[in-house]
Amino acid sequence: MARMPPIATPTTLSETSRRAHAPAWLVTLLVCAGQFLVVLDVSVVNVAMPAVRSGLGLSELGLQWVVNAYVITFAGFMLLGGRIADIFGRKRVFVLGLALFTLASLGGGLAREPWQLIAARTVQGVGAAVLSPATLTILTTSFPAGAARTRAIATWTAVGAGGGAVGGLVGGLLTEFLSWRWVLLINVPVGALVLAGAVRWLAESRRAAARRLDIPGALLVTGGLGLVAYGIVHTETDGWTSAPTLLPLMAGLVVVAAFIAVEARAKAPLMPLGLFRLRSVSSANAAMVLTGAAMFSMWYFLSLYMQNVLAYTPLQAGLSFIPHSLSIVLGSKIAPRLMSRLGAKTLAVLGAMVSASGMFWQGTMGADGTYLGTILGPGILMAFGAGLTATPVASIATSGADPDDQGLVSGLINTSRQMGGALGLSILSTVAASRMEGGHGRSAPVSGYGLAFHVGGLVLVAAIVLMVVALPRRRADVAH
């Protein structure tokens, strides 16, 4: 899910970094391994959710925070992570982020209480946000412009897509043959190996001119959205008018407002508000929030349906996601070709329509569903549509921005996707839980999951309307 675009900046190599130059393939391997771990952990826990719930006694709603604690902090601190890497050195920040991510993975794998696991996932998200932007900037500063850099970036992009796609399978294998704890503990030996290689072989680089850090902005946006998500979760048990719901919701909105005020006055803002005057940037980010809110939860609810209702083992659930994974990769791969023929706006709308049709179809699932009759068809549509939609929306977002702002705008679109996904999961989990309340047997969760997919389909319909009305169609329109 998380992709950070290249930021072409002048770099200064330190004396330490000049002492040895690793082969190009080794630099690419180390950097892509770090990115693979970061992206994998967005989805790898989904299949392990039922085992996590029984192992730690988490509630149905509490499970979403095992996912959201990672996603919210990852998205909220990602832009700040890129600035830190520019200022303090990409290699140093890569090593710091990977070390933090690896230690948090160890803490999560050894957790004995729900709060310990959620805290570890939160720290993991911070580590991922520091690590991920550094991975691509290391590549762009390690390879000269041209074919070598293009190949390195293409490899990085493929690894990112693959990490998210195979998360379900990896999670299923580890949970089935070891335990749910290994979906986190597997990061420890891999992370340690990559750390050793990074310290030895990666070259240091940083911006020639340092920039200020907008730490208050990163803290405010992450805290505000986390409070909003927390308030949404409480609507199922306490209602929309209760204090446990209203207080965090209102506090979250106040914190988000404070974030906007800080960004308006900051000398080096994390999110320059002036960019949103560009029609391409504002409309594409709004569309990405909505599509992310609907599509991100697909893997979560399908995993619960397969294991809680159809009694799939974690391995069976992971294997069942292979066609979904291939579909989203296929959609992402053919999107650039289709964009050249149909246009970015048309393709984004068509992709969202395909995904919405899959969601409405998936929402008709029953307690006696089968893989071929209930999961495969709608799953392929949802995933393929998601792959078709993301690329043109991101392309529109960056098409109207100045060259110096390309990295920042691409970072914003990734942040919008993940924040939309986190808030969407909170809302749809609450919707599902409210429908399940008072039900009995397998029909209760089926009804809840089905409603979540139908509501997700409606969110995609809203995204389609927004894209039709607001997204610019021609390149000449993007700045208006």
Those residues at least two apart in sequence (or on a different chain) that pass side-chain contact (heavy atoms from CB on, under 4.5 Å) with P50 are R53, L304, Q307, N308
Between L56 and A111 the two heavy atoms that sit nearest each other are CD2-O, 3.8 Å
Would a distance-only check, ignoring hydrogens and angles, find a side-chain to backbone donor-acceptor pair under 3.5 Å from S340 to R337?
yes
A294 and G456 have their tightest heavy-atom pair at CB-O, 3.4 Å
Closest non-hydrogen atoms of L174 and W182, given as atom of the first, atom of the second and distance, are CD1-O, 3.3 Å
Quick one: are L310 and Y371 in side-chain contact, heavy atoms under 4.5 Å? no
**Asked** Mind checking whether S132 and Q35 have side chains closer than 4.5 Å, heavy atoms only?
**Response** yes
To the nearest 0.5 Å, atom CG of L428 lies from atom CE of M298 at 12.5 Å
### Query
Taking C-beta and beyond as the side chain, do V170 and V183 meet within less than 4.5 Å on heavy atoms?
no
Practice problem: Report the C-alpha distance between T291 and V393 in whole Å, list the side-chain angles of each, state the deciding distance to 0.1 Å, and finish with yes or no for side chain to side chain contact (heavy atoms under 4.5 Å, CB included). | Solution: CA-CA 10 Å; T291 55; V393 172; 5.8 Å; no
Would you mind reporting whether L169 and L319 have side-chain heavy atoms less than 4.5 Å apart?
yes
Pair up each side-chain donor or acceptor in residues 254-263 with any protein partner under 3.5 Å, not counting sequence neighbours, and list the distances.
| unit_1 | atom_1 | unit_2 | atom_2 | d |
| --- | --- | --- | --- | --- |
| E263 | OE1 | L270 | N | 2.8 |
| E263 | OE1 | M271 | N | 2.7 |

Does any part of the side chain of L388, heavy atoms only, come nearer than 4.5 Å to the side chain of I334, both counted from C-beta? yes
Rounded to the nearest 0.5 Å, the CZ atom of F321 sits from the CG atom of L302 at a distance of 5.0 Å
**OP:** Take H324 and I375, measure what side chain to side chain contact (heavy atoms under 4.5 Å, CB included) needs, and give me the verdict at the end.
**Re:** CA-CA 10 Å; H324 303 63; I375 297 173; 3.9 Å; yes
Residue set satisfying side-chain hydrogen bond (donor to acceptor under 3.5 Å, both in side chains) with Q124, at least two apart, ordered chain then number -> D41, S105, R121
Hits for side-chain contact (heavy atoms from CB on, under 4.5 Å) against A390, two or more places apart or cross-chain, chain-then-number order -> R417
Is any side-chain heavy atom of F360 closer than 4.5 Å to one of P378? no
Show the atom names and distances, to 0.1 Å, of all donor-acceptor pairs under 3.5 Å that link a side chain in residues 346-355 to residues at least two apart or in another chain.
| unit_1 | atom_1 | unit_2 | atom_2 | d |
| --- | --- | --- | --- | --- |
| T346 | OG1 | L342 | O | 3.4 |
| T346 | OG1 | R473 | NH1 | 3.2 |
| S355 | OG | M382 | O | 3.1 |

Please evaluate residues T389 and M295 with respect to the criterion side chain to side chain contact (heavy atoms under 4.5 Å, CB included), reporting the C-alpha separation (whole Å), side-chain torsions for both, the decisive distance (0.1 Å), and the verdict. CA-CA 11 Å; T389 304; M295 295 173 179; 4.1 Å; yes
Closest non-hydrogen atoms of A48 and W180, given as atom of the first, atom of the second and distance, are CB-CB, 4.0 Å
Distance col, row L466:CG vs L471:CG, nearest 0.5 angstrom, shows 6.5 Å
Note: S325 and W299 closest approach over all heavy atoms is N-CH2, 4.1 Å
query: Is the backbone N or O of G171 less than 3.5 Å from a side-chain atom of E176, with the two atoms forming a donor-acceptor pair by type?
result: no
Worksheet item: Considering only heavy atoms from C-beta outward, does the side chain of V52 approach that of R181 to under 4.5 Å?
Response: no
Nearest heavy-atom approach of L117 to G108 is CD1-O, 3.7 Å
d(L381 CG, M359 CE) to nearest 0.5 Å is 11.5 Å
Notebook entry, point to check: Okay, side chain of S54, backbone of A51: is any donor-acceptor separation there less than 3.5 Å?
Noted result: yes
- [ ] Look at the side chain of Y305 and the backbone N and O of G366, then say whether any donor-acceptor pair between them is shorter than 3.5 Å.
- [x] yes
Taken to the nearest 0.5 Å, the spacing of Y70 OH from T73 OG1 works out to 8.0 Å
Applying side-chain contact (heavy atoms from CB on, under 4.5 Å) to A33 and not counting sequence neighbours gives V194
Check the pair F453 / S297 against side chain to side chain contact (heavy atoms under 4.5 Å, CB included), numbers first and verdict last.
CA-CA 9 Å; F453 278 109; S297 59; over 6 Å; no
dist L40:CG -> I186:CD1 (nearest 0.5 Å) comes out at 9.5 Å
